Amino acid sequence: MDLIPFQQINQTSVSMFFIMGFARYPSLQSTFFAIFLLSYLLAISGNLLITLIIYSDTHLHTPMYFFLVNLSILDICFTSCITPNLLEIFLSETKSMSYWSCMSQMFLLSCALGTELMLLVVMAFDRYVAICLPLHYSVIMRSNVYFSMAATVWILGILNSMLHVGLILRLSFSERVILDHFFCEIPTVTKVSLSDSHTIRLVTLVADIFLGMMCFFFIIVTYTFIISSIVRIRSADKKKKAFSTCVSHLLVVNLFYGSISYTYILPASNIRGNHDKIVSALYAVVSPVLNPMIYSLRNQDVKRAFLKMFCKNILPQR
């Protein structure tokens, strides 16, 4: 659809951001709307269901499932700070959002990204203790310890986001900013700034590499010890059970870290194109839908807890 004329924009207002990622396909707007609405409903319902199942079953009140609840909350934050606004844009004539709406979306998204990066590390550490140090698990992973770990991850995620968005707030933009993307993301917004953003881009890249590579390196080292411990297990059943508790986490790590690396590290090498929108959709839209399925379909404890809750609360009492 056509943009509103430049003269009609309030010249005294701050910049307006026009989200034009899907505007080149006007005939497919309703199709895109239906797809993203369905993905949003699946993500919200799936993650809420995982949270409800874990909350309702005392057998799942363990560190591993506590961190899984945190992951579900993060996935809800992910998709909620992007998809509702995107659905509104699909129905909008102008495809626009205000400067502060864009900055707020960027802050929430960056916060969720950084927090999930570190949360996946904490989840890997939990699996390491459970498999490599099983006799000390209850001592190491006490309630006050894993609550503190989760709180630290959230606080560091917020501080990391404040650093990134604080740098973006120092940039200036024209009154009409066109983003060839479907939400406000740091690499995309930085590129359309009128200011010299070289220093800010460098600082952001270094911070992203440090945080991302440090977290990824820790996970690699952790799973090296985990796999070596699993290999030494003599019982085939115990070996299979130990490995099954790690597969879901590894699938989520590969999906999340792969897409994040492409978006936040590769821009420096100018390897970009329309693929960035697809990759961003993987961690912002698709990942929140897949994560509950990955953890529930491969987890017998979650399946049993779901059936127990279903039989108790849904099926008619006889």
Side-chain angles (χ1 to χ4, degrees), residues 46-47 50-51 53-75 114-154 156-157 211-258 260-261 287 290-308:
N47 284 288
I50 285 286
T51 303
I53 290 172
I54 294 173
Y55 175 79
S56 64
D57 195 320
T58 55
H59 294 95
L60 300 182
H61 292 181
T62 63
M64 181 177 74
Y65 293 107
F66 171 75
F67 293 134
L68 182 54
V69 168
N70 278 262
L71 181 63
S72 294
I73 293 173
L74 277 172
D75 284 337
T115 304
E116 185 157 335
L117 281 173
M118 291 178 282
L119 181 63
L120 292 174
V121 173
V122 171
M123 295 174 76
F125 176 75
D126 172 71
R127 291 299 83 210
Y128 164 77
V129 177
I131 294 172
C132 300
L133 305 169
L135 298 179
H136 302 282
Y137 184 79
S138 59
V139 176
I140 296 174
M141 299 301 292
R142 301 186 305 275
S143 59
N144 62 320
V145 172
Y146 64 77
F147 271 98
S148 298
M149 293 171 70
T152 301
V153 162
W154 280 92
L156 290 177
L211 178 62
M213 296 305 293
M214 184 176 64
C215 291
F216 187 69
F217 176 75
F218 189 90
I219 291 176
I220 292 296
V221 172
T222 301
Y223 270 100
T224 300
F225 285 107
I226 290 174
I227 293 173
S228 63
S229 295
I230 292 176
V231 170
R232 292 197 298 268
I233 297 176
R234 294 183 179 181
S235 171
D237 290 337
K238 291 183 179 179
K239 184 180 294 186
K240 181 179 178 181
K241 183 178 180 180
F243 186 71
S244 66
T245 62
C246 301
V247 171
S248 299
H249 183 251
L250 284 172
L251 290 174
V252 172
V253 166
N254 287 331
L255 174 63
F256 190 75
Y257 273 83
I260 288 295
S261 298
S287 183
L290 292 181
N291 285 353
M293 297 180 185
I294 292 173
Y295 277 102
S296 60
L297 293 177
R298 298 193 58 87
N299 192 306
Q300 295 301 322
D301 292 334
V302 173
K303 289 180 182 178
R304 282 193 291 268
F306 171 73
L307 291 175
K308 179 181 177 181

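Residues: numbered from 1 along the sequence shown. Predicted, not measured: the structure shown is a model, and the values here were computed from it.
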Approximate separation, where rounding is to 0.5 Å, of Asn47 CG and Leu71 CG: 7.5 Å

Which atom of Ser72 lies closest to which atom of Thr51, heavy atoms considered: CB-OG1, 3.6 Å

CD1-CE distance between Ile50 and Met293, expressed to the nearest 0.5 angstrom: 10.5 Å

Derivation and outcome, side chain to side chain contact (heavy atoms under 4.5 Å, CB included), residues Glu116 and Val121: CA-CA 9 Å; Glu116 185 157 335; Val121 173; over 6 Å; no

Residue pair Leu60 / Ile54: nearest heavy atoms and the distance that separates them: O-CG2, 3.8 Å

Nearest non-hydrogen partners of Thr224 and Ile220, listed with the distance: OG1-O, 2.7 Å

pair Leu119-Phe67: side-chain heavy atoms closer than 4.5 Å: yes

Side chain to side chain, Met141 and Met149, heavy atoms closer than 4.5 Å: yes

Any side-chain heavy-atom pair of His136 and Val129 under 4.5 Å: no

Euclidean distance, Leu117 CG relative to Leu156 CG, rounded to 0.5 Å: 12.0 Å

Student check: side-chain heavy atoms of Ile140 and Leu133 closer than 4.5 Å: yes

Parallel, tilted or perpendicular: ring planes of Phe218 versus Phe125, cut at 30 and 60 degrees: tilted

Pairwise side-chain contact, Trp154 with Leu74, heavy-atom cut-off 4.5 Å (strictly under): yes

With Phe147 via ring pair (Phe, Tyr, Trp, His ring centres under 6.0 Å) - residues at least two apart: Phe66

Residue pair Thr222 / Ala124: nearest heavy atoms and the distance that separates them: CG2-O, 3.3 Å

Closest heavy-atom pair and its distance - Ile131, Cys246: CD1-SG, 3.4 Å

Expected output: side-chain Arg142 to main-chain Val139 donor-acceptor under 3.5 Å: yes

Exercise: identify the closest heavy-atom pair between Tyr137 and Arg127: OH-NH2, 4.0 Å

Any donor-acceptor N/O pair, His249 side chain to Leu120 backbone, under 3.5 Å: yes

Exceeds 12 heavy-atom contacts within 6.0 angstrom, atom NE2 of His61: yes

Short side-chain donor-acceptor distance under 3.5 Å, Asp57 and Tyr65: no

